[in-house]
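Comments concern the structure below.
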Amino acid sequence: MTRRSTPWCNGYVPCRIEWRPSRWLLAALFFLAIAAPFAVLASGLPRPVAWPLAAAAAAHGLVAFVRERRRGPRRLLFTAEGRLMADGTEAMHVQVQWRGPLAFLSWRDAAGRRHRLAWWPDTLPAQRRRELRLAAGRLSAAPGTPSVAP
């Protein structure tokens, strides 16, 4: 019995990666939304200041949780030419940053709006993380402005 290998990205084929909200991030945001008011109340702030601040911290945390939960999946295509297509539209000024197993992607669309995505280990397993690294390497190697004077 032969095992089929899964497709992977290299310099000659496009790389498709899907982004979806991380359950780990949602759990962390929910925990922070619950814990923040208690932290404010446990601080040395005077009570007339601490209670409104605790309510604001809880509200802000819950808004961040709901906003992240409502984000739909994104389809990204890293082309062999070193370009990024996000949901069918070309992305400009693309940057990929790594913090251990976390990956952060940011870009600007045609209207100039900045978009940001973060992959956590529950949404980007090791094989897909390697594919993203290879695809991101093509982005930085893509021809842009000349690096030397004419």
Side-chain angles (χ1 to χ4, degrees), residues 5-11 13-145:
S5 63
T6 55
W8 57 279
C9 298
N10 62 26
V13 297
C15 178
R16 288 178 176 81
I17 296 179
E18 184 175 304
W19 177 90
R20 62 181 169 82
S22 168
R23 290 185 185 110
W24 292 4
L25 176 59
L26 290 173
L29 287 173
F30 187 75
F31 172 75
L32 289 173
I34 300 300
F38 293 110
V40 171
L41 292 174
S43 71
L45 287 173
R47 290 295 172 206
V49 175
W51 281 104
L53 186 59
H60 180 71
L62 290 175
V63 166
F65 170 77
V66 169
R67 184 181 309 138
E68 186 67 22
R69 197 175 103 201
R70 285 186 179 169
R71 291 177 74 178
R74 306 288 302 256
R75 298 190 192 291
L76 305 170
L77 172 67
F78 293 86
T79 66
E81 296 84 29
R83 296 181 308 152
L84 171 64
M85 304 295 287
D87 292 328
T89 60
E90 187 167 2
M92 299 173 285
H93 306 288
V94 180
Q95 294 179 337
V96 179
Q97 297 177 338
W98 297 90
R99 300 290 183 262
L102 302 178
F104 301 93
L105 174 70
S106 66
W107 74 92
R108 290 194 183 272
D109 62 13
R113 289 184 303 253
R114 175 145 315 269
H115 299 269
R116 293 179 183 91
L117 299 176
W119 281 277
W120 284 54
D122 67 325
T123 59
L124 192 66
Q127 178 185 359
R128 300 299 286 176
R129 199 166 33 249
R130 181 176 187 277
E131 292 175 11
L132 181 59
R133 279 190 195 276
L134 289 171
R138 284 196 310 243
L139 291 173
S140 61
T145 57

Completion exercise
Nearest heavy-atom contact between L132 and A103 is CD2-CB, 3.8 Å
Exercise for the section: Quick one: do E131 and R128 satisfy side-chain contact (heavy atoms from CB on, under 4.5 Å)? Show the steps, please. Expected result: CA-CA 5 Å; E131 292 175 11; R128 300 299 286 176; 2.4 Å; yes
Fill in the blank from the handout: Heavy-atom nearest pair, A136 first then V96, reads CB-CG2, 3.8 Å
Handout entry: Residues that R113 engages under side-chain hydrogen bond (donor to acceptor under 3.5 Å, both in side chains), provided they are two or more places apart
Key = D109
Handout entry: Value rounded to 0.5 Å, distance of CG in L134 from SG in C15
Key = 8.0 Å
Exercise for the section: Given side-chain contact (heavy atoms from CB on, under 4.5 Å), test W119 with I17 step by step and report yes or no. Expected result: CA-CA 11 Å; W119 281 277; I17 296 179; 4.0 Å; yes
Exercise for the section: Give the minimum heavy-atom separation between W107 and A91, together with the two atoms involved. Expected result: CD1-CB, 3.2 Å
Can I get a per-line list of side-chain donor-acceptor pairs under 3.5 Å for residues 20-29, giving both atom names and the distance, sequence neighbours left out?
residue : atom : partner : partner atom : Å
R20     : NH2  : D122    : O            : 3.3
S22     : OG   : W24     : N            : 3.2
S22     : OG   : L25     : N            : 3.2
S22     : OG   : D122    : OD1          : 2.6
S22     : OG   : D122    : OD2          : 3.2

Problem - Sub-4.5 Å side-chain heavy-atom contact between R83 and E90 - result: yes
Problem - side-chain hydrogen bond (donor to acceptor under 3.5 Å, both in side chains) against T123, all qualifying residues, sequence neighbours excluded - result: none
Handout entry: Rounded distance [0.5 Å steps], CE in M92 versus CG in L84
Key = 11.0 Å
For residues 61-76, tabulate all N or O donor-acceptor pairs below 3.5 Å that involve a side-chain atom, not counting sequence neighbours.
residue : atom : partner : partner atom : Å
E68     : OE1  : R71     : NH1          : 3.3
R71     : NH2  : R116    : O            : 2.8
R74     : NE   : D87     : OD2          : 2.5
R74     : NH2  : D87     : OD2          : 3.4
R75     : NH1  : E18     : OE1          : 2.5

Handout entry: Worked verdict on T89 versus M85 for side-chain contact (heavy atoms from CB on, under 4.5 Å)
Key = CA-CA 5 Å; T89 60; M85 304 295 287; 5.9 Å; no
Fill in the blank from the handout: Applied to residues 93-106, the side chain to side chain donor-acceptor pair (under 3.5 Å) test, sequence neighbours excluded, yields S106-R114
Handout entry: Summary of ring pair (Phe, Tyr, Trp, His ring centres under 6.0 Å) pairs that have at least one residue in residues 37-63, sequence neighbours excluded
Key = none
Problem - Validation row: L124, W120 side chains within 4.5 angstrom (heavy atoms) - result: no
